[in-house]
Each structure stands twice: as structure tokens, then as C-alpha cells.
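One-based numbering, in listed order, for ligands and for the atoms of each. Heavy atoms only: backbone and side chains are in, while hydrogens, waters and symmetry mates are out.
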Amino acid sequence: MKLTHRDEWRVMVTIKPRTPADLGFIGIASIAEFVAPTAPITVAVLPRRLGHLGFISMSDRMASSNVEADYRARCEEIATTLRGLPHVEETSVTCTETHTCSHCLLRWEELTAEEAADDSLTQDEHSVEGEPVCCDKAIAEFRTERGIPALALGGAA
Ligand SMILES: [Zn+2]
């Protein structure tokens with residue numbers, strides 16, 4: 001089975017500063033007026049670790065019963081707060097998804113349409129697009145779910 005892990009949560013923030021102070025350029029307010037970005041400025045704002053509680057630090061799993069949901073919520077809160085600032089133009093919450101196989105723990109990969117059409121890359125004539133490639137158990141599970149004939153034992157197709 002394909003397992004999805006979400007990690008590296010972050011808030012992508014595009015800013016459009018109008019004054020030097022919007023960029024933290026202080027001390028020049030009496031002689032400087034505007035700033036003009038030459039290209040969109042996008043930065044990643046990373047949430048504080050869930051297990052970082054200021055006075056004590058522990059693993060995220062000890063601090064939260066649902067690490068993924070709590071990171072998402074923390075990022076949403078950051079995004080909501082930043083959206084209220086005048087020089088913030090756009091925010092989006094994002095993360096990195098990795099897919100692994102529940103049986104062999106390897107990275108999840110599937111046959112593409114082109115690969116499924118190439119006999120040298122398939123298991124047998126029943127291989128179709130989307131079939132996992134990591135291990136026999138994943139292939140068997142995929143085929144059982146779809147009523148596709150199982151792999152012949154012994155390998156050779
Ligand atoms: Zn596998």
C-alpha cells in the first residue's frame with residue numbers, strides 16, 4: 001500500500017514592500033521614501049518545531065498526537081497572521097510529500113503509461129499503468145484490488 005508522509009511544512013510568502021520599513025530598513029525614514037522590488041520576492045517561513053516549547057524541547061511525536069495536522073494548523077496560523085500585513089501579497093501553505101511502500105518501505109514508484117506498454121519493463125502481460133514496481137507484495141495487493149491475474153509464481157512471464 002502506498003503510504004504518504006508529509007514533511008518540511010512551510011509557508012510561502014510573497015511580499016510587495018512599499019517602504020524601507022517593510023523590509024526592516026530602519027533609520028532612513030526621514031530621507032528615504034519608497035522601495036521598488038525588481039522581481040517578486042518570495043520567502044519560505046518555517047514553523048517552529050512542535051516539540052520546541054521554549055523552556056523544554058522534545059520530539060514532535062511526544063508533543064503532538066497528530067504531527068501532520070498540527071504542523072498544517074501552525075502554518076495556516078502563520079499564513080493568516082501574515083496575510084493581515086499590508087505588504088504581504090500572497091501566502092500559501094505547502095509541504096513535501098514522500099510516498100513509500102507499506103510492505104518493503106522503499107520509495108513508492110509506479111509504472112507510467114509508456115513503461116506499461118514496454119514489455120521489457122513490465123512483470124508480465126497483465127501489468128498496467130499505475131502498478132507498483134517495488135516488491136511482489138505491493139504488486140499482488142494492487143492486482144487483487146483490481147481483479148488483475150496474479151503474477152505467475154517462479155517469475156518468468
Ligand atoms: Zn514494496
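- The closest donor-acceptor contact from the side chain of E89 to the backbone of K16 lies at 3.5 Å or more, if one exists at all.
- The local environment of CG in D136 is sparse, with at most 12 non-hydrogen atoms from other residues, nucleotides or ligands closer than 6.0 Å.
- Note on the Zn ion (ligand 1): protein N/O/S atoms under 2.8 Å are C101 SG, C104 SG, C134 SG, C135 SG.
- Put simply, the side chain of R10 never gets that close to the backbone of L46: no donor and acceptor are under 3.5 Å apart.
- Formation of a donor-acceptor pair under 3.5 Å by the S64 side chain with backbone atoms of D60 is not found in this model.
- Checking side-chain atoms of Y71 against main-chain N and O of L50 turns up a donor-acceptor pair under 3.5 Å.
- R49 and S59 share no donor-acceptor pair across their side chains, judged by distance under 3.5 Å alone.
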